[in-house]
Amino acid sequence: METKKIATGFDNLVEAFVEYISATFDTAFNLISDMIEGVLHGIEQVFLLPPFYVVIIVFGLLAWRTAGKTMAAFTAAGFLLCWAMNLWDETMVTMALVVASVIITLLFAIPLGIAAGSNQRVSEVTRVLMDFLQTMPPYVYLIPAIAILGFGASPAITATAIIAFAPAVRLTSLGIRQVPREQVEVGKAFGATPAQSLFKIKLPSALPSIMAGVNQSLMLALSMAVIAGIIGAGGLGKEVYRAIRVLEVGKAFDAGISIVILAIILDRISQGAVTQLKKGAVS
Amino acid sequence: MTAETKVLPLNSTKPATLMDQHAAKSEQVPAIECRHVWKIYGKNEQRAHQAVKTENISKEACLAEYGCVIGVVDASFSVNQGEIFCIMGLSGSGKSTLMRHVNRLIEPTDGQILINGTDIGTLSTPEMRALRAKKIGMVFQNMALLPHRNVRDNVAFGLEVRKVPKKERHAAAENALALVHLDGWGDRFPRELSGGMQQRVGLARALASDPDILLMDEPFSALDPLIRRQLQDQFLELSQKLKKTTLFITHDLDEAIRIGAHIAIMKDGVLVQIGTPEEIVTNPTDEYVADFVAGISRLHLVSATTVMYPAVDFLRKFPEVAAEQLPSVGPDDDLDTLVEIMTDVEANRVAVRADGKIIGIVTRRSLLRGIQGKPTEKIQFDAAQPQDAQAAGGA
Ligand SMILES: Nc1ncnc2c1ncn2[C@@H]1O[C@H](COP(=O)(O)OP(=O)(O)O)[C@@H](O)[C@H]1O
Ligand SMILES: [Mg+2]
């Protein structure tokens, strides 16, 4: 009885808090929402404006540079299949959603990761926070996002960015921590300021690890971007839910395949970038 | 390279007249001086320091009671302008710790470090940074090149940090690479170079800003013996050309003797002996140093004066010896020269002449004792000991 009361009380508190926040900072959130959508639309245009074959060629070349010939062929064939299944626009919108979320998340995650990598206190607090973020079921983030930012792309991106946040922070922090001690000492011995030491020694040395974080963020963002189809984000997620609602099994399956293709392409290209960077860094 | 004044920016609180005096005297002022430097690692360093100082507690007790590691104990030494000063000791004896005080990578628990007469403990952070960037170059045991930069940008790193324009710093880097015979390797990456070459890049990086002082922490220890020997020779040649004050760490006494004008022997954080290679080899202060020098060949280290009998005593004891007719050597000639003469000319005695005057006589016996590392005996005038007299006469 008592516990139930407390639980309801807590739920009410959270709801009241979310309501209070969204009411009080309404203007601010509208502004943020507009900004997020601005970023998304900008990136969407980059993928949608050029003819599809140009995008395919560019990504093919990118895959070639980072992951080799086989992956380049797979990228071209995979994207071509998405186009053939009449899901080109949806695929590009989802990719834009993922890229926008990851860019926004990195804007916060990398500085936090650097701070956590440089300071033990920050590191401990951050670790608790990241454990919390990562163990919460992803759907939980959708509801407050809607409450605060409304229906549509910006809550979807916000929720996606939150999901993608933790690995980027963790691996940036790890990368900074793993910079060999003697390299940091070189910076000091030659008179580098702390900022110079960060940009000229620590970040270049941590780059492979940071990129591994970006890779994980991309994967998590993709899974969330699909889920976010429920709350009005466009793209493949929306297509999956539409198809399921009207029981178009074939169409839902096509969209599923496009998601897998996109996942493999984003994963291998970013993974390939990590490998390239690591190869460059081994002394 | 940029034209820098050769005088260290002195503590700005000093009056101008004092600064001028310092500048004028900079030849005599030691380039590096450590005064009673202590370093205790750990949270309770001050309390542990007191305990070590007043109660003389052991290393183990210090760790057990205070959780502190003793790094350096009351180290004092000075390095003259332009000389190479070696610190020699086993691994863990505190050599690196002591050296890192000189560019203040480590703050001393107690004591002072002076560079060209300035107490660097009084410098502000930017002043200290400027000192490191312009006046002190450092070479690391494990090379510590930055793997994501090519050789040229590694060498130019110190200048880049000082915001020297790209063209200028690349020119300086090429010059420094030429000094270590690596011209043309600028575009390569460290991983493409052998260990010996990487260490030459490390040396070039330290030389690129044309510093007054070089700190070299076991620069050749990680290399195999043949390459090590080559690099020692190259370094000696270079150092005769550049005449930079160098603090050089090694765990190899042979290397210390080859390279150092002075050697400090370190044991458990204590500088147990400081001296010229000859002083260390001929007159070790304790068992520890004696063990170290036991295997060292004295032939090229010990001079004739160390093994000679004073001419006055010798000629009083053996008036029949025609000293003027003996083959002679200079006072600084080494034992090898004496061996050469005694074997070639079949002389039993050699005179040591300084400015034409005979100051001493070396006999076969005194030479052999010298090679073995035994001290030269006093000439006995007591007739009751004929053995000594006979021996000293070498008859
Ligand atoms: N940062 C540190 N913290 C605690 N102890 C240290 C630290 N650095 C060195 N020491 C200790 O100080 C002693 C001297 O080390 P070091 O100066 O590296 O010796 P060496 O260079 O002669 O091998 C060793 O016992 C080592 O374990
Ligand atoms: Mg060391």
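The sequence lines fix the lettering, A, B, ..., with proteins before strands; numbering per chain opens at 1. It should be emphasised that the depicted structure is a prediction, and the values quoted were computed from it without experimental measurement. The figures that follow rest on heavy atoms only: side chains count, while hydrogens, waters and symmetry mates do not.
- Among B/Leu105, B/Asn103, B/Val161, B/Leu193, the residue making the largest number of heavy-atom pairs under 4.5 Å with chain A is B/Val161.
- Taking all atoms of both residues into account, the shortest heavy-atom contact from A/Pro194 to B/Arg129 is CD-NH2, 3.5 Å.
- A/Thr193 touches chain B through backbone and side chain together, each having a heavy atom under 4.5 Å away.
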#### Entry: side-chain contact (heavy atoms from CB on, under 4.5 Å) between B/Met143 and A/Glu182, intermediate numbers included
CA-CA 9 Å; B/Met143 296 52 156; A/Glu182 67 264 17; over 6 Å; no
### Message
Working note: B/Arg205 + A/Val186, criterion side-chain contact (heavy atoms from CB on, under 4.5 Å); need CA distance, chi angles, decisive distance, verdict.
### Response
CA-CA 10 Å; B/Arg205 174 172 64 183; A/Val186 165; 3.5 Å; yes
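- Using a 4.5 Å cut-off between heavy atoms, B/Arg149 contacts chain A through its side chain alone, with no backbone atom that close.
- Heavy-atom distances place the side chain of A/Gln196, and not its backbone, under 4.5 Å from chain B.
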### Task
Kindly determine whether A/Phe190 and B/Arg162 satisfy side-chain contact (heavy atoms from CB on, under 4.5 Å), including the steps that lead there.
CA-CA 9 Å; A/Phe190 284 89; B/Arg162 275 163 57 190; over 6 Å; no
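- The minimum heavy-atom distance between A/Lys200 and B/Glu160, with the atom names listed, is NZ-OE2, 2.7 Å.
- Here the straight-line distance linking atom NE2 of B/His148 with atom CG of A/Leu277 works out to 11.5 Å at 0.5 Å rounding.
- B/Leu215 does not touch chain A: none of its heavy atoms, backbone or side chain, sits under 4.5 Å away.
- In plain terms, the two heavy atoms of A/Gln183 and B/Leu145 that are nearest each other are NE2-O, 4.1 Å.
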